[in-house]
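Written out below as structure tokens is the structure these notes cover.
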Number of protein chains: 2
Amino acid sequence: MNKTTEWPENKELASMPYALQAAAVWLEVVQGAQLFRIGQPPRTMFYVLSGEMRLTRMSLDGAEMILQRTRCGFLAEASIEASAYHCDAVAFEPGTVLGFPIAIFRKALEVDVTFRKAWTSHLVQEIRRARARSERLTLKSAAKRVLHYLESEGQNGVLKLEQSRKAWSAELGLSHEALYRTLARLEQEGVISVEENTIRFAGKMINSASVR
Amino acid sequence: MNKTTEWPENKELASMPYALQAAAVWLEVVQGAQLFRIGQPPRTMFYVLSGEMRLTRMSLDGAEMILQRTRCGFLAEASIEASAYHCDAVAFEPGTVLGFPIAIFRKALEVDVTFRKAWTSHLVQEIRRARARSERLTLKSAAKRVLHYLESEGQNGVLKLEQSRKAWSAELGLSHEALYRTLARLEQEGVISVEENTIRFAGKMINSASVR
DNA sequence: CGTACTTTTGAATCGCATCAAATCTGGTGG
DNA sequence: CCACCAGATTTGATGCGATTCAAAAGTACG
């Protein structure tokens, strides 16, 4: 493990047994770098610390189909039990990634009960988040999506944004312009309050017009 | 276990140890029925066989926020390790649901290695599907969503629909009219072929207009 | 045969994407 | 310290595609 950087504090990583942490490799990836390709046997479990990594697959008609976008967190959990990747992983934005040798990772899951429980807990959590995101994206209006996000990702109506609004807009399935305008309108109407990277529900009941 | 109905063939259920299968309870739920409420300790793991069950939470502004919609599969996997529900579960459409006593479910996961692996495999699969769905929902055009679905849920470009188009349209985040029109247009342009509940990619390269 | 639901087509409306451009920001190097 | 640049933020104008409302035709089922 490269010691030029200290071990990150993410709780998913904290539960790892020392042997696994020690086996981690720090990777600085440039834009367009390929972490793995379809068909390869997984040798590494990747954890994104910064930048944007994408799982993609070439569709039958030649277009690129995105399966996952990650700016923070494990990249392809399913690779833990696959014998070959079903998609490509590329760095859409440069960033840094942790790599865990997958054999050691698997062994740790077998041997270490605590880590196994933490891993299962992480999986269950990701299912929850991804499903909530899906339901959010079926909402037709920008305002509804913002409020859904505020309530499902925030703590008691208060949200600490860990990313730029532009990145957030992509997560919300909106253009960045639409997000800026929606935030401005919701704040102006007293539905939310915005300061820096903290957004909070302002207690005001939504009038039907705000969330049309 | 109520023997008036035979054990379903879903592979997620097939991997269960006999003791767990035997402890299952068949539930016929009417529209609006509550499977559980927020705050209650989970006593049962639910598996939806038919109908539409929803996980919802009242948002701060009094609107109902949907966290998951299920027509087939486990309802709230996270309840396996929660001490209290974080949301309500209601039957949006009447249907039938399997209920597994959660203590027995947990015990089976601890004791039965095969079942535990199948469960983990299921979790990982659900993450993949939910993330793919999320990415699909960020696509701006109806045609792109249909094709993304065809490729991520179909087998080699062939999709066997297990649900009505109306239900499918909800999963795609489209109005049913938009879906009907899109299918008609894509078929007419030779991009896909539709017969009954089988939809297949017709091999024709997409012209940019089709998937604008 | 009647009822409920899905499927299908039509027409009008609206919110968001898109294109454009200005301003603001943080970081870099001279 | 300032000039400069890349990126994020913000506002404006326009067009398009999906929603919405409406209604008809098809289908399953008791």
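Residue numbers start from 1 in every chain, and the chains themselves are labelled A, B, ... in the order their sequence lines are given, proteins ahead of strands. When reading the values below, keep in mind they use all heavy atoms of this one structure, side chains included, and skip hydrogens, waters and symmetry mates. These numbers were taken from a predicted model, which means no experiment stands behind them.
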Taking CG from B/Leu174 and P from C/dG15, how many angstroms apart are they, rounded to a whole number?
19 Å

To the nearest angstrom, the NE2-P distance between A/His176 and C/dT25 comes to 17 Å

Is the distance from OP1 or OP2 of D/dT9 to the nearest side-chain N or O of A/Tyr180 less than 4.0 Å?
yes

Given atom NZ of B/Lys140 and atom C1' of C/dC16, what is their separation to the nearest angstrom?
8 Å

Determine, for B/Glu52 against B/Arg54, whether the closest basic-nitrogen to carboxylate-oxygen distance falls under 4.0 angstrom.
yes

Rounded to whole angstroms, how far apart are CD on A/Glu196 and C1' on D/dA8?
13 Å

Between A/Ala178 and B/Ala184, name the one whose nearest nucleotide on DNA chain C is closer to the 5' end.
B/Ala184

So CZ of B/Phe46 and CZ of B/Phe36: to nearest 0.5 Å the spacing works out to 7.0 Å

To the nearest Å, give me how far apart NZ (A/Lys166) and P (C/dT18) are.
13 Å

B/Glu153 backbone acceptor or donor facing B/Arg129 side chain under 3.5 Å:
no

To the nearest angstrom, how far is A/Leu139 atom CG from C/dC16 atom P?
11 Å

Nearest-Å distance for atom pair NZ/P, residues A/Lys144 and C/dC16:
11 Å

Between A/Phe115 and A/Trp119, how do the two ring planes meet: parallel, tilted or perpendicular, split at 30° and 60°?
tilted

If you check the A/Ser175 side chain, which of C/dT18, C/dT8, D/dT10 turns out closest?
C/dT18

Does B/Arg181 get its side chain close enough to the base of D/dG17, under 3.5 Å, for a donor-acceptor pair?
no

Please report, rounded to the nearest Å, how far the C1' atom of D/dT14 is from the CD atom of A/Glu177.
13 Å

